[in-house]
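None of these values were measured; they are calculated from a predicted model. Side chains are part of it too, since the values below use all heavy atoms of this structure and drop only hydrogens, waters and symmetry mates. We count residues from 1, following the sequence as given.
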Amino acid sequence: MSVEESRVQKVALACREMAVLETVRVKEVQRLVGQLMFCARVVYRAKMFLRSGYDFIGRAGKMRRFYDTVPRDLSRDLMWLAKILEEYNGQAVVLNRRPVVRDFFAVDAAGEEAVDGGMGGFFGGRWFAVKWEEDLLRGWSRREAPRDLDDWMVKDWLWDKIRPLGPFAVDACCDEVGANSRCFLWWSKEDSCLMKQWRGLNVYCNPPFSLLWEILTHFLREKRAAPNTTSAVFVLPFWPTERVWLELVVPAIEAGLFVILEYIPVDTDVFTSPNGVRGLRKDCGPMRGNAEYAKPKEWLRARWNFILSVADADNTKKNHTTGQRAFVRFMLAFGEGPVVPVSDEDLAMFYVFQSQTCKVSTLKSYTAGVRRLHLEAKFEWVPVSHRFQVAQTMRGLKRLLGDEVKQKLAITLFILARMYQVMDFNDCNMVTLWTAMLTALLCLLRKDNVCVGKVDAFNVRRVLRRKDFEMRNETVWVTLVFSKVIQFEERTHRVAMRATGGMLCPRRALAKCFELTPAEPESPAFLWKSRGRTVPMTHGVFVGEVKKLIRRIGLDPSQYSGHSFRRGGATVAFNLGVDHLLIKLQGDWVSNAYQRYEQLTEARRLELPKRLAARMKQVECKWKCIGKHKSGRKPLRHLGS
């Protein structure tokens with residue numbers, strides 16, 4: 001059997017390229033694993049290292065992910081595969097098809113062929129041995145195998161400290177037969193803990209280090225759904241500079257979701273195998289056992305970097321990144337000078353180039369990204385207003401293209417009443433949607449306050465929870481602890497809704513919604529039932545269902561969005577003649593931007609012309625009376641204002 005050597009080398013190169021990536025498209029991993037299986041027909045050793053690829057594909061499929069982080073075990077296996085494929089000579093020969101006897105690969109430990117790291121055996125009447133290369137041997141010693149192959153368990157002295165935190169309902173990560181389980185019930189790889197419900201359970205978990213992010217994320221999602229009845233005890237490695245600590249564990253500790261019970265010194269004999277023959281488990285110390293990262297300064301630096309990463313809001317970082325990428329691509333293609341600091345001519349040309357596909361208002365947000373790029377590179381940034389050529393270019397683009405901001409139309413109470421007539425309230429999801437729409441309009445809320453961006457992105461600080469609603473007699477008080485203008489929990493914003501007893505009654509809608517979808521006080525206020533699961537209502541679901549209702553009542557759905565409720569509430573208040581200060585307080589505006597939402601009806605707009613016309617008639621009447629005096633006309637100033 002043979003495979004073209006050029007094809008094998010191409011696959012080896014693809015393995016090396018993917019091994020150094022941080023995130024990868026799942027389809028690309030599937031394609032590469034298929035190519036490796038084809039090559040494994042002749043390169044038999046390659047099959048040994050494909051398991052991590054299949055595990056990655058299966059895990060991503062269960063989590064319904066199109067992109068995922070490349071785990072370390074997959075990265076290392078890809079490097080092994082690249083080395084194996086690069087040594088392929090174009091042929092494969094099957095030496096022996098006889099059944100393998102029990103001692104076929106037994107190695108004589110006392111013989112000359114025994115090695116410290118590698119493999120050996122007896123074949124064809126001769127002993128043989130293969131010793132791994134030093135760099136591969138070091139990489140293998142740090143390998144993070146899945147729990148089914150790595151049956152570590154904590155030693156008795158540590159379990160005696162953990163046991164009082166029980167009783168535990170289940171051991172979340174065990175081998176197939178539960179040999180390393182500390183509980184009567186256990187979950188193995190076959191019935192993965194990532195697919196189990198942790199709600200209402202007290203779980204003990206000694207997780208595989210390669211799956212820390214996935215397991216902790218799944219637990220936090222379950223914890224937020226049922227915070228009072230869900231708990232777990234984890235045995236985690238202390239990696240203060242790793243992403244799982246900086247972006248997951250530390251924020252959870254600050255939010256009060258995690259509590260560190262005890263630190264165990266590095267190199268402590270903590271883990272063993274069920275039969276007691278294994279010693280210290282590797283990779284338990286700071287930064288994979290590297291003592292350099294245990295220094296206080298390194299910890300402070302890692303903590304500082306994490307604080308810098310959360311200084312800006314997510315949308316701000318996203319806008320800056322978009323502008324920086326567009327600017328760098330332009331400079332690499334058309335720029336004549338360095339990327340930073342940018343010259344006035346290159347910056348003006350960048351605006352001209354982007355104006356072909358962007359609005360002038362978008363160019364202003366791109367400018368913020370370019371400014372940040374300069375400051376991060378420690379270059380001084382000269383504002384656009386101080387660059388004459390750039391300022392004139394922006395002025396010319398604004399005059400040529402215009403700077404119109406198209407706002408979505410407002411959803412008023414009349415439109416909401418028409419939507420009520422076409423909704424099916426036998427469906428609990430429609431009850432949830434109606435309650436969310438009514439709350440958003442009456443409280444002048446943004447869509448981020450009533451729904452989440454993604455199903456697994458619920459943040460207790462940002463979205464309304466069940467406990468944020470307080471019903472007193474005929475009034476419903478709503479408390480917001482986070483919004484676009486409350487970024488640092490410096491204050492809370494309280495608004496009220498009054499009950500009416502009719503179809504637009506917010507109190508009745510909330511009571512019905514909470515009755516049909518019961519949840520814990522810390523859970524999201526508006527839950528959506530999908531595919532047998534109850535999940536937080538997302539932006540896509542909320543806006544999509546609203547547009548469907550808009551279409552059913554005969555309006556253009558492209559003219560409305562999730563922000564139409566905030567604008568609609570302000571519009572209704574303006575037309576009722578409510579004081580502008582009360583509108584500003586109800587919507588929690590810190591500027592006068594709310595005045596842009598003032599969409600008055602024709603009747604309100606005709607009030608001023610009618611009053612002017614009435615005054616004009618009074619003036620005309622007085623003028624005619626004065627004209628009758630024979631003694632002459634009086635000065636106009638005597639007519640009054």
Side-chain angles (χ1 to χ4, degrees), residues 21-23 25 66-67 69 243 246-247 251 301 304-408 446-448 453-454 457 459 462 482-488 539 561-563 590-591 593 596:
L21 296 177
E22 293 184 0
T23 57
R25 194 165 179 257
F66 297 100
Y67 289 85
T69 304
R243 175 172 175 258
L246 295 176
E247 299 184 12
R301 185 176 297 278
W304 176 39
N305 291 332
F306 169 72
I307 292 174
L308 289 177
S309 67
V310 299
D312 294 325
D314 294 338
N315 290 336
T316 302
K317 290 189 288 188
K318 186 184 299 183
N319 293 336
H320 287 175
T321 302
T322 302
Q324 290 172 0
R325 288 177 178 174
F327 175 70
V328 171
R329 284 197 299 264
F330 169 81
M331 291 299 295
L332 294 177
F334 304 104
E336 297 181 357
V339 176
V340 289
V342 64
S343 63
D344 292 0
E345 182 178 352
D346 285 340
L347 186 58
M349 294 292 289
F350 168 67
Y351 289 148
V352 173
F353 177 77
Q354 293 295 331
S355 65
Q356 301 177 78
T357 56
C358 299
K359 298 180 180 179
V360 176
S361 58
T362 305
L363 297 180
K364 297 177 182 178
S365 64
Y366 281 7
T367 304
V370 177
R371 173 183 175 274
R372 179 164 188 152
L373 190 65
H374 280 69
L375 297 180
E376 289 178 347
K378 299 181 179 180
F379 285 101
E380 182 181 359
W381 169 253
V382 180
V384 172
S385 59
H386 295 173
R387 300 172 184 253
F388 177 75
Q389 290 184 334
V390 181
Q392 287 296 102
T393 302
M394 289 290 288
R395 186 180 180 88
L397 290 173
K398 187 181 299 185
R399 186 178 298 278
L400 182 64
L401 304 177
D403 195 17
E404 179 184 3
V405 178
K406 293 184 179 180
Q407 296 181 348
K408 297 296 184 179
R446 302 173 180 87
K447 66 178 180 180
D448 287 338
K454 297 180 181 179
N459 190 323
R462 298 192 177 188
F482 182 92
S483 69
K484 183 179 179 181
V485 296
I486 308 176
Q487 295 277 336
F488 309 108
H539 291 169
S561 69
H563 205 70
V590 296
S591 66
R596 295 187 294 123

Set out, in order, the CA-CA distance, both residues' side-chain angles and the distance that settles ring pair (Phe, Tyr, Trp, His ring centres under 6.0 Å) for Phe327 and Phe350, then state yes or no. CA-CA 7 Å; Phe327 175 70; Phe350 168 67; 5.4 Å; yes
Closest heavy-atom contact between [X] and [Y]?
{"X": "Ala377", "Y": "Val340", "answer": "CB-CG2, 4.2 Å"}
{"X": "Val390", "Y": "Ala348", "answer": "CG2-N, 4.2 Å"}
{"X": "Asp344", "Y": "Arg387", "answer": "OD1-NH1, 2.6 Å"}
{"X": "Ser561", "Y": "Lys408", "answer": "OG-CG, 3.4 Å"}
{"X": "Ala326", "Y": "Gln354", "answer": "CB-NE2, 3.9 Å"}
{"X": "Tyr366", "Y": "Gly323", "answer": "CD1-CA, 3.6 Å"}

For the residue pair Phe353 and Phe330, does the interplanar ring angle fall in the parallel (under 30°), tilted (30 to 60°) or perpendicular (over 60°) class?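 If you compare the ring of Phe353 with that of Phe330, the planes turn out tilted.
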Where does the angle between the aromatic ring planes of His374 and Phe379 fall among parallel (under 30°), tilted (30 to 60°) and perpendicular (over 60°)?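 Rings of His374 and Phe379: perpendicular, as their planes differ by over 60°.
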Surrounding [atom1] of [X] (heavy atoms of other residues, nucleotides or ligands, distance under 6.0 Å), is the total greater than 12?
{"X": "Lys398", "atom1": "NZ", "value": "no"}
{"X": "Met331", "atom1": "CE", "value": "yes"}
{"X": "Arg371", "atom1": "CZ", "value": "no"}

Mind checking the [atom1]-[atom2] spacing from [X] to [Y]? Nearest 0.5 Å is all I need.
{"X": "His563", "Y": "Lys447", "atom1": "NE2", "atom2": "NZ", "result": "10.0 Å"}
{"X": "Thr393", "Y": "Gln389", "atom1": "OG1", "atom2": "CD", "result": "7.0 Å"}
{"X": "Lys359", "Y": "Leu397", "atom1": "NZ", "atom2": "CG", "result": "15.0 Å"}
{"X": "Thr322", "Y": "Gln324", "atom1": "OG1", "atom2": "CD", "result": "9.0 Å"}
{"X": "Asn315", "Y": "Asp448", "atom1": "CG", "atom2": "CG", "result": "7.0 Å"}

Using a 4.5 Å cut-off on heavy atoms from C-beta on, say whether the side chain of Val360 contacts that of Met394.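 A side-chain contact exists here, since the closest heavy-atom pair is under 4.5 Å.
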Passes side-chain contact (heavy atoms from CB on, under 4.5 Å), Leu373 versus Val342? Steps please. CA-CA 10 Å; Leu373 190 65; Val342 64; over 6 Å; no
Return the set of residues passing salt bridge (Lys or Arg N to Asp or Glu O under 4.0 Å) with Glu376 (not counting sequence neighbours), or none when no residue passes.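 So Glu376 forms a salt bridge (Lys or Arg N to Asp or Glu O under 4.0 Å) with Arg372.
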Qualifying residues under side chain to side chain contact (heavy atoms under 4.5 Å, CB included), relative to Thr316, sequence neighbours excluded: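 Asp312, Ala313, His320.
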Apply side-chain contact (heavy atoms from CB on, under 4.5 Å) to Asp346 and Phe334, showing your working. CA-CA 8 Å; Asp346 285 340; Phe334 304 104; over 6 Å; no
